[in-house]
Amino acid sequence: MKSKFVKFLEFVSVIAALVIAVLTVKSLSLESILRGKEEPVTLSMTEDGLPEDFIGLPAADDIPRIEDAQTWEDTWQTSYVTIEPTDIIPTGYGTRHSWVSAYRKTRRGGQTKRADVTNMALDVFGEYGEYFLVALPDESYILAQMSADDARKIKSGKQTALPVGRKSAVNGQILPSISALCDEYDVDTEGVFYCINDTWNESHSFMMLLIRVGLGFLVTIVLGTIFITVIDKIFKVKD
């Protein structure tokens, strides 16, 4: 019969498996895998389309690059631009994506309101877009919101130009959480470079959720089983 100590270790192992599963799901470049290779957007392609048709798609060489703070300050919110960050700094906070409902259903049929701003460590299902500080070639920093996949590529040095984006207003509710970091790097908090493909994410959000939940469950079961088996063997627990 299992002792209380062994049962405690098994409980801890299951929690550890769950934590690893969450971290695994969060680090998976799921969006890039599902979207595959996409055709770069040229400036001529944007002349007849709506802004949301091209935001978040790969930028061709003729899409204007923002290379310094003055150019960014002079950029219009209707302009299609991209940037080639030389550095990226996560703020650790993000705002709820536009395609994510402001309310979630409870088990009893009611509804609870989702927070508009959250600590990204708590964002298990990718419902929030993190604010980043990105460095321009002139070594100045600006705010940017991008997919987690693009952020990982920049951190690893695998990506130069970000997807097509535009200048958007900063969500005022996030400023208390990031203002100290922005002050440290002299970042203008009136505008944020936004390059997330809202259209694609809205149409694929449910599929992404199912895949994340399924993978998380699978990883938890597999690792939990392995951990418990190892503990039982170490302490020679008999069935």
Side-chain angles (χ1 to χ4, degrees), residues 6-36 56 85 87-101 104-107 112 114-135 143-159 162-163 171 174 177-178 180-181 192 194-198 200-202 204-234:
V6 172
K7 289 181 179 179
F8 172 75
L9 289 180
E10 290 180 344
F11 173 77
V12 171
S13 69
V14 172
I15 297 300
L18 180 60
V19 171
I20 293 173
V22 170
L23 294 177
T24 300
V25 170
K26 284 174 67 69
S27 63
L28 184 65
S29 298
L30 190 57
E31 182 179 339
S32 294
I33 294 172
L34 293 178
R35 287 174 62 176
D87 188 24
I88 183 169
I89 301 172
T91 66
Y93 291 89
T95 53
R96 180 171 48 81
H97 287 303
S98 61
W99 63 86
V100 177
S101 173
R104 65 163 56 89
K105 295 181 180 180
T106 63
R107 292 181 178 179
T112 58
R114 286 184 171 91
D116 292 322
V117 176
T118 192
N119 185 309
M120 293 306 295
L122 304 177
D123 181 32
V124 177
F125 299 112
E127 297 176 332
Y128 292 79
E130 185 168 5
Y131 272 66
F132 296 92
L133 272 58
V134 293
L143 285 171
Q145 271 189 296
M146 66 193 77
S147 70
D149 290 357
D150 286 328
R152 279 191 288 268
K153 290 176 184 177
I154 295 173
K155 290 176 184 177
S156 64
K158 294 181 180 179
Q159 180 169 322
L162 284 172
N171 188 318
I174 202 172
S177 301
I178 67 174
L181 188 61
V192 56
Y194 189 86
C195 63
I196 298 175
N197 191 329
D198 292 350
W200 187 92
N201 280 283
E202 183 174 6
H204 292 78
S205 59
F206 186 65
M207 179 193 299
M208 298 268 283
L209 177 62
L210 288 180
I211 294 175
R212 291 182 189 279
V213 171
L215 287 175
F217 179 77
L218 181 61
V219 172
T220 301
I221 293 298
V222 172
L223 288 181
T225 301
I226 293 174
F227 291 160
I228 290 175
T229 301
V230 171
I231 290 172
D232 287 352
K233 285 186 176 181
I234 291 175

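Since we're looking at a predicted model, the values are computed, not measured.
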Atom [atom1] of [X] and atom [atom2] of [Y]: how far apart are they, to the nearest 0.5 Å?
X: I15; Y: F227; atom1: CD1; atom2: CZ; answer: 12.0 Å
X: K155; Y: I89; atom1: NZ; atom2: CD1; answer: 11.0 Å
X: L162; Y: I88; atom1: CG; atom2: CD1; answer: 7.5 Å
X: F11; Y: I231; atom1: CZ; atom2: CD1; answer: 12.0 Å
X: L143; Y: I174; atom1: CG; atom2: CD1; answer: 8.5 Å
X: Y93; Y: D123; atom1: OH; atom2: CG; answer: 13.5 Å

What are the two closest non-hydrogen atoms of [X] and [Y], and how far apart are they?
X: G216; Y: T220; value: O-OG1, 2.7 Å
X: W99; Y: S205; value: CD1-CB, 3.7 Å
X: Y128; Y: R114; value: OH-CB, 3.9 Å
X: P90; Y: F132; value: CA-CD2, 3.6 Å
X: C195; Y: M146; value: SG-CB, 3.6 Å
X: D198; Y: S98; value: OD2-OG, 3.4 Å

(request) For residues P163 and D150, determine if any side-chain heavy atom of one lies less than 4.5 Å from a side-chain heavy atom of the other. (result)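 The answer is yes; the side chains approach within 4.5 Å.
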(request) Look only at the side chain of E130 and the backbone of G92, and say whether a donor-acceptor pair between them is shorter than 3.5 Å. (result)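 Here the side-chain-to-backbone pair exists.
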(request) Determine, step by step, whether L34 and I211 satisfy the side-chain contact (heavy atoms from CB on, under 4.5 Å) criterion, reporting the C-alpha distance in whole Å, the side-chain angles of both residues, the deciding distance to 0.1 Å, and the verdict. (result) CA-CA 11 Å; L34 293 178; I211 294 175; 4.1 Å; yes
(request) Check step by step if side-chain contact (heavy atoms from CB on, under 4.5 Å) holds for V219 and V25. (result) CA-CA 9 Å; V219 172; V25 170; 5.9 Å; no
(message) Is a donor from one side chain sitting under 3.5 angstrom from an acceptor on the other, for T118 and E127?
(response)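 Note: T118 and E127 side chains miss the donor-acceptor criterion.
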(request) Please name all residues satisfying salt bridge (charged side-chain N to carboxylate O under 4.0 Å, His left out) with R35, sequence neighbours left out, ordered by chain then number. (result)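 Checked R35 against salt bridge (charged side-chain N to carboxylate O under 4.0 Å, His left out); matches are E31, E38.
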(request) Could you tell me which residues satisfy salt bridge (charged side-chain N to carboxylate O under 4.0 Å, His left out) with D116, sequence neighbours excluded, listed by chain and number? (result)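 Checked D116 against salt bridge (charged side-chain N to carboxylate O under 4.0 Å, His left out); matches are R96, K113.
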